[in-house]
Amino acid sequence: MTESREKQGATGLNPDTDAAPSVPAGEPDEHQRLYRLLAENAREMVSRHTADLTFLYASPAAERVIGYPSAHLIGQRLDDLVHPDDLSSVLSTFALARDTREDSSTVFRCRAPDQRWRWCEVVCRGVLDQASGTEEIHATIRDVTRYKQIEQAIERVAKEWRGTFDSAQDAILMLDRRANVIRVNISTLRLLECDFRDLIGKPLAEVTRQRLKMDDPFHVRRVWSGSSQVRTDLELENKSIWLRSTVDPIMAENGRLEGAVVFIANITTEKQAEIRLLKTLDEVRELSSHLQTVREEERRSIAREVHDELGHTLTALKMDIAWLVKHIPDNDGEIRTRGAELTGMVDQTIASMRKIVSRLRPPVLDDLGLDAALEWLTSDFQRYSGVETEIALADLPNRFRGARASCIFRIVQEALTNVSKHAAASRVEIRGGVQGNSYRLVVQDDGKGFEFRSEAHRTGFGLLGIGERVRELEGTMEMHTSPGEGASLVITFPEAAIR
Ligand SMILES: Nc1ncnc2c1ncn2[C@@H]1O[C@H](COP(=O)(O)OP(=O)(O)O)[C@@H](O)[C@H]1O
Ligand SMILES: [Mg+2]
């Protein structure tokens, strides 16, 4: 055996006397020649080994596949080139091939001359050389480094993906095309308080019925009927837990639904914060509405007090001064002049007091109603601002009485104040009328307009206050304006709000 190996070692090729692998003795020479031709020219490396893996033959492809010229390999043992971690697998594969005389294969790392490891796949089979009566193992070896690299990359990605999947805070369930659960992560088990076995392979509907006492809480059926993402917020009964689920369909290339992924996030904290915020907002609105009422009341009482107290005193003062002036001797010119001046001052004071009182609380609003109060407001506005002011309120609903009338009055008052303060307008129109099912009130100026963004105009409280008042009356407010285009405040009250 050793001898014949040495003989062959000289060339690394089978001497003609040697039977070609797998070819039984007695076959024509032509077959042996063809077989060798095939082995010599194959892309894969072909080799023959003794039972202890010593190379008897290696085809020229050896140089390309494992890096050694075939002559170098003859007499060497394959296991000397195998990575220690793969050795036992290679040995058992060759042993199996020898014992069973059937194909046996494995993948192993082979040390190349540059000491680097190349991934190789070997397929081997035990063969009895009938000529010499010796057992051999014939093998084909190919370089699978490239495949191995791809496989390793896929494994790495899969591992990363599994890591993310398992460590995700959100519960994630994957469904097959019949909406059966095929994979879940740890968070799912925590959320549904169960084990993998309770979920895998079961229809999701059954799982949610059992675990959440709900039939289709995540609206998975809608995904199956519409094939697009469905998002749902739901509250778990008597657990005070809020969940947000997102179900994403998985589509096959032919456009058919392959399954779906369900993401479930616990949004209890956000939801509670949202609920608290909405409640606070409601409270703030109530408070603001209450403050408006209180303010209105206070204005009214200050107006009354100023009118009554100051008014009476001033009137008395005026009468007393008139009496005094009447009793000044005719020849005392200077005192008379002073007296006349004093009367004039008291008259002026009374006039200013009246003005203050009416601005605080236009008496017409209480006495004659909103229509008259707005007429008074606009003529007063025109007088002091110099802006031409027109008012045309058709069908002003007589429902706007009491507090509601005050609301409308203050809205128009603030709108006009803005026109005089910011618009540099020459004209402003206040129009109102029924339009369809609603009442529309418009305050439109021809001033310089402005860039209206609701959040950006929070510097002042005027528009905010208008908004609040409008909301109180169940109406909506819009501001139509842009720089250079004037401004138009449009308030709409639905029919229900004015009836
Ligand atoms: N009719 C208008 N013409 C031009 N700018 C306006 C008009 N009304 C409001 N504005 C702009 O909107 C801002 C916010 O108004 P507002 O909330 O009433 O607050 P304030 O009047 O106290 O500034 C004003 O500062 C002004 O820049
Ligand atoms: Mg203002």
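Counting convention: from 1, in listed order, for ligands and their atoms alike.
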Q.
If I apply the N/O under 3.5 Å rule, does A487 come out as touching ligand 1?
A. no
**Q.** Side chain, backbone, both or neither: D445 near ligand 1, heavy atoms under 4.0 Å
**A.** side chain
Q: Ignoring angles and geometry beyond distance, decide whether L463 reaches within less than 3.5 Å of ligand 1 through its nitrogen or oxygen atoms.
A: yes
Q: Applying salt bridge (Lys or Arg N to Asp or Glu O under 4.0 Å), run through R471 and E468 and close with a yes or a no.
A: CA-CA 5 Å; R471 216 184 330 257; E468 281 301 322; 3.1 Å; yes
Q) Tell me, which pairs form a ring pair (Phe, Tyr, Trp, His ring centres under 6.0 Å) where one or both residues lie in residues 195-227, sequence neighbours left out? A) none
Q. Could you walk me through whether S438 and T492 pass the side-chain hydrogen bond (donor to acceptor under 3.5 Å, both in side chains) check?
A. CA-CA 6 Å; S438 48; T492 312; 5.7 Å; no
Q: Enumerate the atoms of ligand 1 whose separation from the nearest heavy atom of E414 is less than 4.0 angstrom.
A: 18 (O)
(Q) Could you tell me if N185 and T188 have a donor-acceptor pair between their side chains, going purely by distance under 3.5 Å? (A) yes
Q | Numbered atoms of ligand 1 (with element) below 4.0 Å of G462, judged on heavy atoms | A | 16 (P), 17 (O), 18 (O), 19 (O)
Q.
Assess whether a salt bridge exists between D215 and R221, defined as any Lys/Arg side-chain N lying under 4.0 Å from an Asp/Glu carboxylate O.
A. yes
Q: Quick one: give me the number of protein N/O/S atoms under 2.8 Å from the Mg ion (ligand 2).
A: 2
Q) If we only count N/O pairs under 3.5 Å, is N418 in contact with ligand 1? A) yes
**Q.** Nearest atoms (heavy-atom pairs only) where A303 meets V357
**A.** O-CG2, 3.7 Å
Q: Decide, yes or no, whether a salt bridge links E297 with R300 under the criterion of side-chain N to carboxylate O below 4.0 Å.
A: yes
Give every donor-acceptor pair under 3.5 Å between a side-chain atom in residues 308-316 and any protein atom, sequence neighbours left out.
from : atom 1 : to   : atom 2 : distance (Å)
H312 : ND1    : D308 : O      : 2.9
T313 : OG1    : E309 : O      : 2.6
T315 : OG1    : G311 : O      : 2.6

Q) For K421, is the nearest heavy atom under 4.0 Å from an atom of ligand 1? A) yes
**Q.** Residues which pass side-chain contact (heavy atoms from CB on, under 4.5 Å) with R427, listed by chain and number, not counting sequence neighbours
**A.** E388, E390, E429, D446
